[in-house]
Amino acid sequence: MLDIRLVRENPDLVRARLATRGNGAEAAVDEVLELDRQRRAKIQEVERLKSARNTISREIGVRKSRKEAADDLLTGMREKSDLIARLDAEVAAVDGQLEQILLRTPNLPHARCPAGASAADNPEVGRYGSPAAFEFKPLDHVALAERLGLADFAAAAKISGSGFLVFTGAGARLERALINFLLDLHTREHGFTEVNTPFVVRAAAMQGTGQLPKFHEDMYRVEGEDLFLVPTAEVPVTNLYREELLTVSDLPVYHAAYTPCFRREAGSAGRETRGMTRVHQFDKIELVKIVEPATSYDELEKLRRNAERALELLGLHYRTIELCAGDLGFGAAKCYDVEVWAPGTGAYLEVSSCSNCEDFQARRMNLRYKNAEQKNVFCHTLNGSGTALPRLFIALTETYQQADGNIKLPEVLRPYFGDTIIK
RNA sequence: GGACGGGUGGCAGAGCGGUUUAAUGUACCUGACUCGAAAUCAGGCGUUGGGGCAACUCAACCGUGGGUUCAAAUCCCACCCCGUCCGCCA
């Protein structure tokens with residue numbers, strides 16, 4: 001949620017930054033300014049009345065305590081209170097409208113966020129290794145999974161419909177190994193504290209991290225209950241701190257969490273969704289940081305490096321791109337995507353998305369800390385997938401396929417998988 | 001699911017219709033004492049919103065939302081959460 005004061009005091013800046021997203025979000029500025037004017041005018045009116053009422057009520061109290069009559073003061077008070085109630089309702093209505101607009105307005109892209117309209121304009125900012133070379137024509141993960149019995153796409157469709165996965169045998173074991181490998185890496189070597197949260201959360205939590213109201217149609221929900229299936233662990237993990245007041249010594253907070261992620265992704269099908277690349281339920285390790293504003297961009301660079309390192313340890317070729325303003329997510333001010341190379345599929349697949357939301361989420365969640373000057377300040381929140389697992393699975397199996405039809409996994413996975421050969 | 005008890009400032013905890021501007025403790029900040037610290041003493045210290053160049057001032061906030069009343073932390077209703085007991089259950 002944007003700072004209403006920033007919009008009020010610096011509307012041109014807000015308009016200009018929102019405009020870089022190229023989706024017309026800046027139109028909200030004028031609506032916000034107008035509602036803000038109305039709101040303040042009504043507040044002044046109703047607060048004058050309340051002040052008068054309070055004065056008289058106090059006097060009534062004083063007289064009653066002295067056993068004196070106060071009938072003359074009581075006349076007209078009923079009407080005064082009714083008027084106040086009516087004006088309060090008007091203020092609440094304007095407040096509600098203002099909140100709805102602010103909740104649907106995206107974050108301001110960072111001043112140095114690259115210009116651009118779409119994914120095609122995202123500059124590459126980092127790269128590791130090079131595409132694996134093969135003496136044979138590499139298979140894609142769907143063919144590999146069928147040949148080695150790693151997954152059963154037909155069975156998944158039968159029990160849950162298209163867009164779901166059933167891992168089988170060595171495939172199921174590899175999925176489990178990757179979860180443990182990533183959690184161990186981030187907790188033992190990168191300083192994150194593991195948390196294991198519920199996979200369903202209330203609407204208030206979804207609103208805190210910005211999934212609601214905007215992405216209501218993209219989420220699964222439990223019928224008859226105020227519960228949504230989490231689309232990312234970012235939601236439950238960040239919301240652990242909703243409505244909290246931290247102290248400077250609590251920061252920075254680093255959390256790593258495993259959850260499955262549930263996304264309806266309604267309407268898409270085709271090459272982009274073949275096999276495991278885009279599914280309704282997938283496993284993910286998420287990294288969340290809550291930090292002081294002064295350090296948040298350094299923390300973002302570290303977060304990106306943590307995500308990249310996982311791929312480096314696995315020996316996978318990747319490139320890192322910075323999202324241009326037109327491709328930036330709703331809550332992000334700056335974002336890096338780490339894309340791993342999948343040789344059989346012949347594409348770079350996004351596995352990590354590391355965002356700095358600055359105080360955008362913290363304002364929604366009323367997440368603050370008491371800084372060194374004893375002031376309560378909104379924290380900055382960062383989140384990054386410390387890797388979406390099916391796509392990592394794709395890259396691993398496609399990269400490490402052998403001429404003999406087997407897969408030879410990197411040694412670093414041996415303690416987790418128990419072996420390195422899948423045949 | 002049922003019965004009872006409870007939810008008050010960062011934390012603990014009193015208040016249970018009108019001198020509450022929410023007591024007190026603790027934490028925190030400033031100062032004194034000290035070589036320094038601890039202890040002690042003195043002072044300060046909630047959040048949000050409105051107005052004001054400012055000093056300051058006004059309003060709202062006691063789990064959430066309604067209601068009663070001239071007036072609600074306090075009374076009533078609903079819901080959420082926590083505790084204790086009972087029932088059900090893998």
Side-chain angles (χ1 to χ4, degrees), chain A residues 1-9 32-103 197-208 212 221-222 224-228 236 239-253 290 292 359-379:
Chain A
M1 180 145 62
L2 294 181
D3 181 358
I4 181 72
R5 281 209 197 95
L6 181 66
V7 181
R8 187 190 298 154
E9 289 165 13
V32 167
L33 289 175
E34 176 53 28
L35 286 168
D36 182 52
R37 264 192 294 273
Q38 289 179 26
R39 175 174 172 276
R40 286 188 291 160
K42 285 183 191 300
I43 284 175
Q44 286 180 48
E45 191 181 352
V46 73
E47 286 191 353
R48 256 196 309 275
L49 286 165
K50 283 180 178 176
S51 183
R53 179 180 66 178
N54 288 345
T55 304
I56 297 173
S57 276
R58 260 192 299 271
E59 177 61 21
I60 293 171
V62 170
R63 286 206 206 166
K64 294 265 181 186
S65 68
R66 294 190 201 134
K67 309 278 191 222
E68 295 172 8
D71 295 351
D72 56 318
L73 293 173
L74 288 172
T75 57
M77 287 295 276
R78 174 98 221 182
E79 289 68 25
K80 199 164 275 177
S81 282
D82 287 347
L83 179 58
I84 287 171
R86 197 157 62 241
L87 287 169
D88 266 342
E90 287 178 25
V91 171
V94 174
D95 264 340
Q97 287 178 49
L98 196 53
E99 191 189 9
Q100 281 308 306
I101 292 172
L102 286 174
L103 285 178
T197 64
F199 302 159
V200 292
V201 298
R202 293 184 170 170
M206 286 294 192
Q207 183 162 308
L212 284 178
R221 65 178 309 172
V222 180
E225 308 247 6
D226 176 28
L227 289 173
F228 293 81
N239 273 280
L240 291 173
Y241 296 90
R242 182 160 47 98
E243 308 286 339
E244 294 292 329
L245 179 61
L246 305 175
T247 68
V248 69
S249 58
D250 294 325
L251 301 179
V253 170
I290 298 170
E292 295 184 73
D359 59 1
F360 189 78
Q361 284 184 336
R363 279 179 193 283
R364 288 172 161 250
M365 293 194 294
N366 195 22
L367 164 53
R368 294 172 300 163
Y369 76 103
K370 199 183 274 285
N371 70 11
E373 287 79 48
Q374 301 292 307
K375 293 277 185 229
N376 293 352
V377 178
F378 286 107
C379 298

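Order of the sequence lines sets the chain letters (A, B, ...), proteins ahead of strands, with each chain counted from 1. For the numbers below, each heavy atom of this structure counts, side chains included, while hydrogens, waters and symmetry mates do not.
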Open item on the list: Output the rounded distance in Å from NZ (A:K50) to C1' (B:C70).
Closed with: 16 Å
Task: B:G6 to B:A42 separation - C1' atoms, rounded to the nearest Å - done: 38 Å
Task: Value in whole Å for how far the C1' atom of B:G50 lies from CZ of A:R40 - done: 9 Å
TODO: Determine, for nucleotides 6-18 of chain B in 5'-to-3' order, which nucleotides have protein heavy atoms under 4.0 Å from the base (write B), from only the sugar-phosphate (write S), or from neither (write -).
DONE: ----S-------B
Open item on the list: On RNA chain B, compare the nucleotides closest to A:N366 and A:D36; which residue's is nearer the 5' end?
Closed with: A:N366
Open item on the list: Work out how far the C1' atom of B:C62 is from that of B:G7, and round it to whole angstrom.
Closed with: 10 Å
Open item on the list: I'd like to know if A:D36 pairs up with A:R40 as an ion pair, taking the criterion as any Lys NZ or Arg NE/NH1/NH2 lying under 4.0 Å from an Asp or Glu carboxylate oxygen.
Closed with: yes
TODO: Please determine, for the side chain of A:R8, which listed nucleotide (B:G50, B:C80, B:A71) has the closest atom?
DONE: B:G50
Task: d(CD1, A:I43; P, B:C61) in whole Å - done: 14 Å
Task: Pair A:E90 + A:R86, salt bridge at N-O below 4.0 Å - done: no
TODO: Taking atom P in both B:C77 and B:A3, compute the distance separating them and give it to the nearest angstrom.
DONE: 13 Å
Open item on the list: Please give me the minimum heavy-atom distance between A:L33 and A:R8, naming the atom from each residue.
Closed with: CD2-CA, 3.8 Å
Open item on the list: Could you tell me how far apart A:R363 (CZ) and B:U48 (P) are, to the nearest whole angstrom?
Closed with: 11 Å
TODO: Considering just the side-chain nitrogens and oxygens of A:R48, establish if one lies under 4.0 Å of OP1 or OP2 belonging to B:A59.
DONE: no
TODO: Have a look at A:L74 and say if it touches a base, only the backbone sugar-phosphate, or nothing, with a 4.0 Å heavy-atom cut-off.
DONE: base
TODO: Can you tell me the pairing partner of B:A23 across any strand shown, Watson-Crick or G-U wobble, with both distances under 3.5 angstrom?
DONE: none
TODO: For B:C88 versus B:A78, give the span between their P atoms, rounded off to a whole number of Å.
DONE: 27 Å
Open item on the list: Both A:A52 and A:R202 contact RNA chain B. Which one's nearest nucleotide lies toward the 5' end?
Closed with: A:A52
Open item on the list: What's the gap between B:C33 and B:G43 when it is taken at their C1' atoms, as a whole Å value?
Closed with: 15 Å
Task: Complementary nucleotide of B:G36, counting Watson-Crick and G-U pairs under 3.5 Å - done: none
Open item on the list: The side chain of A:N54 is closest to which nucleotide in this list: B:A60, B:C58, B:G50?
Closed with: B:A60
Open item on the list: Under a 3.5 Å cut-off for both contacts, is B:C41 paired Watson-Crick or G-U wobble with anything, and if yes, with which nucleotide?
Closed with: B:G31
Open item on the list: Looking at B:C70, I'd like to know if its phosphate oxygens (OP1 or OP2) sit under 4.0 Å from a side-chain N or O belonging to A:R53.
Closed with: no
- [ ] Would you mind reading off the distance between A:E243 atom CD and B:U47 atom P, rounded to a whole angstrom?
- [x] 16 Å
Task: Closest non-hydrogen atom pair between A:L251 and A:I290, with its separation - done: CD2-O, 3.5 Å
- [ ] Show your working on side-chain contact (heavy atoms from CB on, under 4.5 Å) between A:Y241 and A:M365 and close with a plain yes or no.
- [x] CA-CA 8 Å; A:Y241 296 90; A:M365 293 194 294; over 6 Å; no
- [ ] Might you point out which heavy atoms bring A:N371 and A:V248 nearest each other, and give the distance in Å?
- [x] CA-CB, 4.5 Å
Open item on the list: For B:G49, does the base pair up with any side-chain atom of A:E47 as donor and acceptor (N or O, under 3.5 Å, distance only)?
Closed with: yes
TODO: Taking all non-hydrogen atoms of both residues into account, name the closest pair between A:L246 and A:C379 and its distance.
DONE: CD1-SG, 4.4 Å
Task: Shortest non-hydrogen contact between A:K80 and A:I56, atoms and distance - done: NZ-CD1, 4.0 Å
Task: Pairing nucleotide - B:A60, Watson-Crick or G-U, each distance under 3.5 Å - done: B:U47
TODO: To the nearest Å, give me how far apart CD (A:E59) and P (B:U19) are.
DONE: 13 Å
Open item on the list: Tell me whether A:E34 is salt-bridged to A:R37, with the criterion being a basic N under 4.0 Å from an acidic carboxylate O.
Closed with: yes
Task: Distance-minimising heavy-atom pair for A:D226 and A:R221 - done: CA-NH2, 4.5 Å
Open item on the list: Within the 4.0 Å heavy-atom criterion, would you say A:R63 contacts the bases, only the backbone, or no part of the nucleic acid?
Closed with: nothing
- [ ] Would you mind telling me which of B:C81, B:A71, B:A59 lies closest to the side-chain atoms of A:S81?
- [x] B:A71
Task: Inter-nucleotide C1' distance (B:U21, B:C35), Å rounded - done: 44 Å
TODO: Could you work out the separation of B:G18 and B:G9 based on their C1' atoms and round it to a whole Å?
DONE: 23 Å
Task: Atom-pair distance (NZ on A:K80; C1' on B:C70), nearest Å - done: 10 Å
Open item on the list: Using Watson-Crick or G-U wobble geometry with both distances under 3.5 Å, which nucleotide pairs with B:U84?
Closed with: B:A3
- [ ] Can you tell me, in whole Å, how much space there is between the C1' of B:A73 and that of B:C85?
- [x] 29 Å
Open item on the list: What is the separation between atom CG on A:L87 and atom C1' on B:A59, rounded to the nearest whole Å?
Closed with: 13 Å
